[in-house]
Visitor: 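First the structure, which I've put down as structure tokens, then a few questions once you've had a look.
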Amino acid sequence: MQNPNENEKAPELAKGYEHREVEARWYPFWQERGYFHGDEHDRTRPPFSIVLPPPNVTGSLHLGHALTATLQDVLVRWKKMSGFNTLWLPGTDHAGIATQMIVERELKKTEKVSRHDLGREEFLRRVWIWKERFGSRIGQQHHALGASLDWQRERFTMDEGLSRAVREVFVRLYEEGLIYREKKLINWCPDCRTALSDLEVEHEEAHRGELWSFAYPLVEPAQGPAGTITEIVVATTRPETMLGDTAVAVHPDDERYRDLVGRKVRHPILGREIPIVADAILVDPKFGTGAVKVTPAHDFNDFEVGKRHGLELVTVIDVDGRMNANAGPLAGLDRFEARKEVKRLLAEKGLDRGTQPHVLPLGRCQRSQTVLEPMLSDQWYVKIEPLARPAIEAVEQGKTRFIPEQWTNTYMAWMRNIHDWCISRQLWWGHQIPAWYCPDGHVTVARTTPSACATCGKPELRQDEDVLDTWFSSALWPFSTMGWPDQTDTLRTFYPTSVMETGHDIIFFWVARMMMMGLHFMGEVPFRTVYLHPMVRDEKGQKMSKTKGNVIDPLVVTEKYGADALRFTLAALTAQGRDIKLSDQRIEGYRAFANKLWNASRFALMNLAGHEERGEDVSTLAASPAERWILARLQRTVNETVAALEAFRFNDAANAVYAFVWHELCDWYIELAKEALYGEDLALKHATQAVLVRCLETSYRLLHPFMPFITEELWHVLRTQVKAQAWPDSILAAAYPQTGPVDEAAERSFGPVLGIIDAIRNIRGEMGIPFKVKLGVQAKVEIAVADQATHDLLLAGELARIQRVAGVEGVNVTLAAATPPAPQSAVGVGPGFEVRVPLAGVIDLAAETARVDKEIAKVEQDLAGIERKLQNPSFVQKAPPEVVEKDRARAEELREKRGKLDAHRAMLSGSEANPARRDSMENQNEQKPSVEVPAEAAPAPAPAPAPVEQQEAPSPVVQTAEKIVAAGAEAAQSAIEAVKSGVEAMVEKAKSVARAPAAAKPARKAAAKKKPAARKAAARKPAKAAVKAAVKKAAPRKAAKAAAKAAPKKGAKKAAPKRVVAKRAARKPARKPARKPARKPAARKAPARRAARKGKR
RNA sequence: GGGCGGAUAGCUCAGGGGUAGAGCGUCGCCCUUACAAGGCGAGGGUCACAGGUUCGAAGCCUGUUCCGCCCA
């Protein structure tokens, strides 16, 4: 098939991403090119195979299936791109009961006939028609989801080949003595009219029923310890079963009934005599009257009692839930009507001994929710223990591992006390049991229809009418679908499968049984890894079910939001250990992500004119810091994504790419790149374009397993745009990005640039300065950086980016510890830099003071915590040296930061102390308009931050400030003119801030906190609590004192009186923080998101 | 009755000994020519409770309370 984009000359992307149009195009493209086909002859590439858990053929996929499809497709596409020979094998399950019920119901509705009216053959013909008609919907749904399934290998459990496998397995197990037929009590569904296995019973934990007591009259009165006994009272939750009672049991040690054992009671309705037996297992003498009625044919416990005491088995309920002839006068009644009738009859006879509410467990049919009936019947069983043992060992030996690991226990527990598996079902739709009976009752089990009885040779044979449990055939799925019992190349190449990915709800039904069958018939586990995904629930956390009406068709979602958005959502929510609550809101968010990616690409295309992909090594081209930085972040993202995929942490993988694309590539790099893209420096422009292309195409490849459609689309568009002939003609044929070393130096050295921008943006945001009001117009923005490298880097070009991104016009960079003080400014401080934004005339001292106080409080809190740690000798001695060193560096950084903020704060309060000065400023028009301090003019460090004592006398800082204030008066005046438009809002804000000082809010909050709790906390961790409380008050100075006062000696010491710290900071101000970045991404598990968000690197 | 899981920001949830995070929602500013499905900034946490281990606990251990699920 032709590349759908090949004809397009100059791709021009639509303004927004239109998933409908794009998603319709690519599935046929992939399929027709054979990308989905697993090659059984290819032995050069390592194989990677998954068999799709077969959905019910007549059903339609719900979101649980969508999750299955998504996760498996993520794995398969990822592995394919990583060089594996992948096979993902699709198929459907005939789903015996479910399908038969649907078709029966439909026949009843449309033709008013039952399956019995039609006869077996005709009925089955109808089911096949039904299957053909509705089976295709599942395929369509998988197409819409983008599932890269190998449709050439699609299978159906009732296919000829799979049916052959089923017969083969049945016969072999029978021959090995592992399949047998026996009359036992089974769970019977009167509605489905079939036997069920234990697993198909849903236990209703606490059904509110009632316990009804009645008296059995003794045939002959007896003497008890308390006098003559004429009756024995028993209680039951199921009165109708008394018609099948064949004993009354008491405990052998029970004094009350000792003389009664061996005697008889008379059945009040049927008249027969019933023995009284002693049974220590069944009877709890403390419960009720201590006497129990026994119905061996209708109760599992009673059945055992019957075996122990050789009791008669009387079946009174028929397959349809009605009373049979053994029920005497009640024959023909429905079991629940019979219940009422029994009570009525016994009340008439004066034997009713009352009713009381009772909570009991109740078994219901998984399929129809009907209350199940224990029923005595002939059924086929698999003797399971010999099969379970190897399946246990395989897991113990690590041949198959479960993810999440905790499922191992669940699997083991079930396997270790597993019961024989009832595999026969009284249905027509399914694999008919390959057993034939002759008139003499001999059984012949054979692969093909036998002509004569294997035992007596009689030719009149009748095949067993029952079919096999659907799970019997699906247990063979991993090898029956690959051609077994033939030894095919497909089996040789792709068995065992690599991963079994399915919901944890079918770990017993399916996973465990596949393990047993795989090991038994293939001699090898069916899969190396079992990944069990969580359940998808609605946004209220409810299980999706038809009866609740909250089932969502994936097609509806893909139509509305796009398959990519749905897939990404599901992957991003698939964390181990918790169910998924899916909401539209969430999907909308990821649709926005698709749009974001689209628009980032759109931007690139608009700025790639003339750029061609020449296969250059981008890392050598990209000498400039921003380029090196984004490439380092990209590599880190690749590493994180691949590591997460390898560990089946789908959410981590999805989030890593998401965070990179949105918060680093789009929020940061694209903005930073504009300077070069719009600029005149061709070499820089070229390098930037190359890096942009690299980032985008790598992101596409990273994302492709999650969002196949949009990435394929963009891949082609970009490929065409940059004439990248070397790129494969489908992203699915491209290589998945490879892990590699991260350029940490690039990440570190770029930190100050991001920090400076952040600082300026913060000032803007907090002071409410709109972006269109440029900063540094009258008086320049001052940036002081502490180390030469950063200084050089800024002047070499990064400064221009900062200006563009932060909206700065005039700027001045100095190599210094701090910027010159200026009271009409806001200051931002980070590791290794200080930024001063002049806001002459605009600045609101209260607002800036509040902002700085907030910042100081934060620093105080962090610093107090760290210093407390560092002052603890055992921490320094016992903690790993790296940790201690890290904390020391961090403390140093914080002290420096606080020193700078303190200095700024001190100056602000100096200005505040003389508000009149501000008014006078506006009248001093004669002054020189500039406060410019050229870089060269300030080589020496600025005056040391003011120690606290100097507040009392005019400090050097304040003196300097005063000078500058005087000098800057005119600047202030003109700045007012300049920013007039933007100011009004600021003034408003300033006023409100002035009215309600920042201190008020936290203080109120602190007051609202419950005092006892705070005190309690303080008692436990004095220093921490005190500091915390102090910070909440948002008056750092006072708070520090309060903390010192409140805390016991130890705490006070740890609270590190501000004065001392300020001095210490002043003593060594010029530490080079660039060496110790605030955040060292490598050291953190998931640094990207946080770091990106805060922009602190 | 046994087992497993969960309790972290208003909501939905990540994180699993070393500076408490995301998405959505909230608040403020902005249509800054990729994107208003957007940008910038901000606020928001006794990590259920009580003990213990540790230099250090949201995480590990013990117990308690609630909420799920599985098995009998």
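Note that the coordinates shown come from a computational prediction; the quantities given were computed from them, not determined experimentally. Protein chains get the first letters and strands the later ones, always in sequence-line order, with residue 1 at the start of each.
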Visitor: Determine which nucleotide pairs with B:G43, using a 3.5 Å limit on both distances of a Watson-Crick or G-U wobble pair.
Guide: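 The base-pairing partner of B:G43, which may sit in any strand shown, does not exist here.
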Visitor: What is the distance from OH of A:Tyr561 to C1' of B:C24, rounded to the nearest Å?
Guide: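 One finds 13 Å between C1' of B:C24 and OH of A:Tyr561, rounded.
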Visitor: For the rings on A:Trp598 and A:Tyr17, is their centre-to-centre separation under 6.0 Å?
Guide: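 For A:Trp598 and A:Tyr17, the ring centres are under 6.0 Å apart.
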Visitor: I want to check something: taking the side chain as every heavy atom from C-beta on, are A:Gln689 and A:Leu677 in contact at a cut-off of under 4.5 Å?
Guide: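 Yes. Closest side-chain heavy atoms under 4.5 Å.
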Visitor: In whole angstroms, how far is the P atom of B:U54 from the NZ atom of A:Lys869?
Guide: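 Those two atoms, NZ and P, are 18 Å apart.
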Visitor: How would you label the contact of A:Glu588 with the nucleic acid (heavy atoms, under 4.0 Å): base, sugar-phosphate, or nothing?
Guide: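 The residue A:Glu588 makes no contact with any strand.
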Visitor: Indicate yes or no: does A:Glu671 engage A:Arg801 in a salt bridge with an N to O separation below 4.0 Å.
Guide: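 A salt bridge is absent here (no side-chain N lies under 4.0 Å from a carboxylate O).
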Visitor: The side chain of A:Val883 is closest to which nucleotide in this list: B:A34, B:G41, B:G18?
Guide: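 The answer is B:G18, which lies nearest to the side chain.
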Visitor: Would you mind reading off the distance between A:Phe650 atom CZ and B:C13 atom C1', rounded to a whole angstrom?
Guide: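 Result: 18 Å.
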Visitor: If you look at every strand shown and take non-hydrogen atoms under 4.0 Å, does A:Ala413 touch a base, only sugar-phosphate, or nothing?
Guide: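 Nothing: the residue A:Ala413, judged by heavy atoms under 4.0 Å, touches no strand.
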Visitor: Can you find a heavy atom in the side chain of A:Asp564 that is under 4.5 Å from one in the side chain of A:Phe568?
Guide: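 Side chain of A:Asp564 against side chain of A:Phe568, heavy atoms only: no contact under 4.5 Å found.
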Visitor: A:Arg764 near the nucleic acid: base, sugar-phosphate alone, or nothing, with a heavy-atom cut-off under 4.0 Å?
Guide: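 Result for A:Arg764 = nothing.
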Visitor: Could you give the distance separating B:A7 and B:G16 at their P atoms, to the nearest angstrom?
Guide: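 13 Å, rounded to whole Å.
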Visitor: Want to settle it: does A:Asp887 or A:Arg649 sit nearer the 5' end of RNA chain B, counting the closest nucleotide to each?
Guide: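 So the residue in question is A:Arg649.
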Visitor: Looking at A:Glu202 and A:Arg364, is there a salt bridge between them, counting it only when a charged N and a carboxylate O are closer than 4.0 Å?
Guide: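 Between A:Glu202 and A:Arg364 there is no salt bridge, as every charged N stays at least 4.0 Å from the carboxylate O atoms.
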Visitor: Need the pair for B:U32. Rule: Watson-Crick or G-U wobble, both distances under 3.5 Å, any strand; none if unpaired.
Guide: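 Matched B:U32 with nothing under the 3.5 Å cut-off.
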Visitor: Does A:Lys772 place a side-chain N or O at less than 4.0 Å from the phosphate oxygens OP1/OP2 of B:C31?
Guide: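 Yes.
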Visitor: Do A:Leu566 and A:Leu63 have side-chain heavy atoms sitting under 4.5 Å apart?
Guide: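 Of all side-chain heavy-atom pairs linking A:Leu63 with A:Leu566, at least one is under 4.5 Å.
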Visitor: For the side chain of A:Gln585, counting heavy atoms from C-beta on, which of B:C55, B:G25, B:C13 is nearest?
Guide: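 That would be B:G25.
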Visitor: B:G68 and B:C13: how far apart are their P atoms, nearest whole angstrom?
Guide: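 Per the computed distance, 14 Å lies between those P atoms.
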Visitor: Nearest to the side chain of A:Phe603 - B:A37, B:A34, B:C55?
Guide: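 Closest of the options to the side chain of A:Phe603: B:A34.
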Visitor: Mind checking the C1' distance from B:C70 to B:U12? Whole angstroms is fine.
Guide: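 Result for the C1' pair: 25 Å, nearest Å.
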Visitor: So what does A:Tyr411 touch, heavy atoms closer than 4.0 Å: a base, only the sugar-phosphate, or nothing?
Guide: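 Answer is nothing: A:Tyr411 stays at 4.0 Å or more from every strand.
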Visitor: Start at the 5' end of RNA chain B and walk down; is the nucleotide closest to A:Val201 or to A:Tyr17 reached first?
Guide: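 Final value for this comparison: A:Tyr17.
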Visitor: Please pick, from B:G43, B:C35, B:C55, the nucleotide with the shortest atom-to-atom distance to any side-chain atom of A:Lys858.
Guide: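 Of B:G43, B:C35, B:C55, B:G43 is nearest to the side chain of A:Lys858.
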Visitor: Using a heavy-atom cut-off of 4.0 Å across all strands, would you classify A:Phe508 as base, sugar-phosphate, or nothing?
Guide: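 Here A:Phe508 touches the backbone only, sparing every base.
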Visitor: Using the P atom as the point on both nucleotides, what is the distance between B:A72 and B:C61, in whole Å?
Guide: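 Approximately 28 Å lies between the P atom of B:C61 and that of B:A72.
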Visitor: Give one of base, sugar-phosphate or nothing for A:Arg586, where a contact means two heavy atoms less than 4.0 Å apart.
Guide: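 Answer is base: heavy atoms of A:Arg586 come under 4.0 Å of a base.
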Visitor: Using a cut-off of 6.0 Å, state whether more than 12 heavy atoms not belonging to A:Glu21 lie near its atom CD.
Guide: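 Yes, because the 6.0 Å sphere around CD of A:Glu21 holds more than 12 heavy atoms from other groups.
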Visitor: So A:Pro873, base contact, sugar-phosphate only, or nothing? Heavy-atom distance under 4.0 Å.
Guide: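 No contact.
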Visitor: Output the single nucleotide from B:C55, B:U19, B:G41 whose closest atom is nearest the side chain of A:Glu766.
Guide: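 Per side-chain heavy atoms of A:Glu766, the pick is B:G41.
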Visitor: Among B:G41, B:G39, B:G38, which nucleotide has an atom closest to any side-chain atom of A:Asp667?
Guide: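 My answer, after comparing the listed nucleotides, is B:G39.
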Visitor: Provide, to the nearest angstrom, the distance between the CD atom belonging to A:Gln406 and the P atom belonging to B:C4.
Guide: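 Going from CD in A:Gln406 over to P in B:C4 covers 10 Å.
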Visitor: Is any side-chain nitrogen or oxygen of A:Lys15 closer than 4.0 Å to OP1 or OP2 of B:A36?
Guide: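 So the side chain of A:Lys15 is within the cut-off, an N or O lying under 4.0 Å from OP1 or OP2 of B:A36.
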Visitor: If you look at every strand shown and take non-hydrogen atoms under 4.0 Å, does A:Lys854 touch a base, only sugar-phosphate, or nothing?
Guide: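 Here A:Lys854 touches the backbone only, sparing every base.
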Visitor: With both distances kept under 3.5 Å, what pairs with B:G10, Watson-Crick or G-U wobble?
Guide: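 Its partner is B:C24 (Watson-Crick or G-U wobble, both distances under 3.5 Å).
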Visitor: For a quick test of reading the model: is some side-chain N or O of A:His663 closer than 4.0 Å to OP1 or OP2 of B:C40?
Guide: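 So the side chain of A:His663 is outside the cut-off, no N or O lying under 4.0 Å from OP1 or OP2 of B:C40.
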Visitor: Kindly say if A:Asn762 contacts the phosphate of B:A42, meaning a side-chain N or O under 4.0 Å from OP1 or OP2.
Guide: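 For B:A42, OP1 or OP2 has a side-chain N or O of A:Asn762 closer than 4.0 Å.
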Visitor: Could you state the CG-P distance from A:Leu775 to B:C40, rounded to the nearest angstrom?
Guide: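 The answer, rounded to whole Å, is 16 Å.
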Visitor: P atom, B:G21 versus B:G15: distance in rounded Å?
Guide: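 Each nucleotide's P atom is 16 Å from the other's.
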Visitor: Could you check how far CG of A:Leu677 sits from C1' of B:U32, rounded to whole Å?
Guide: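 Going from A:Leu677 (CG) to B:U32 (C1'), I get 16 Å.
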Visitor: Are B:C55 and A:Phe875 stacked, with the base six-membered ring and the side-chain ring centres under 5.5 Å apart and planes under 30°?
Guide: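 Stacking is absent between B:C55 and A:Phe875, given that the ring centres and planes do not meet under 5.5 Å and under 30°.
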Visitor: What's A:Asn409 touching, base or sugar-phosphate or nothing? Going by heavy atoms closer than 4.0 Å.
Guide: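 Answer is nothing: A:Asn409 stays at 4.0 Å or more from every strand.
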Visitor: Can you check the distance between B:A50 and B:C66, where both ends of the measurement are the C1' atom (answer in whole Å)?
Guide: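 The same atom, C1', in both gives a distance of 15 Å.
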Visitor: Round to the nearest Å and state the distance from A:Trp662 atom CH2 to B:G38 atom C1'.
Guide: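 Spelled out: CH2 on A:Trp662 to C1' on B:G38 is 8 Å.
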Visitor: Would you measure the distance from the C1' atom in B:G44 across to the matching atom in B:A9 and give it in whole Å?
Guide: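 The same atom, C1', in both gives a distance of 6 Å.
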Visitor: Students often get this wrong, so: under 4.0 angstrom with heavy atoms, is A:Lys596 touching a base, only sugar-phosphate, or nothing?
Guide: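 Answer is base: heavy atoms of A:Lys596 come under 4.0 Å of a base.
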Visitor: With a 3.5 angstrom cut-off on both distances, give the Watson-Crick or G-U wobble partner of B:C4, or none if there isn't one.
Guide: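 When the pairing criteria are applied, B:G68 turns out to be the nucleotide that pairs with B:C4.
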Visitor: Provide the distance between the two C1' atoms, one in B:C71 and one in B:C55, to the nearest whole Å.
Guide: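 Between the two C1' atoms, the distance is 44 Å.
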Visitor: Could you state the atom-to-atom distance from CD of A:Glu664 to P of B:A34 in whole Å?
Guide: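 Taking CD of A:Glu664 and P of B:A34, I get 21 Å after rounding.
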Visitor: Classify the nucleic acid contact of A:Leu573 as base, sugar-phosphate or nothing, counting any heavy atom under 4.0 Å across all strands shown.
Guide: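 Nothing: the residue A:Leu573, judged by heavy atoms under 4.0 Å, touches no strand.
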Visitor: With a 3.5 angstrom cut-off on both distances, give the Watson-Crick or G-U wobble partner of B:A50, or none if there isn't one.
Guide: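 Paired with B:U62.
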Visitor: Does a side-chain heavy-atom distance below 4.5 Å link A:Arg513 with A:Trp421?
Guide: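 When only atoms from C-beta onward are counted, A:Trp421 and A:Arg513 do touch, with a gap below 4.5 Å.
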Visitor: Look at A:Glu588 together with A:Arg591 and state whether they make a salt bridge at an N to O cut-off of under 4.0 Å.
Guide: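 No salt bridge links A:Glu588 with A:Arg591.
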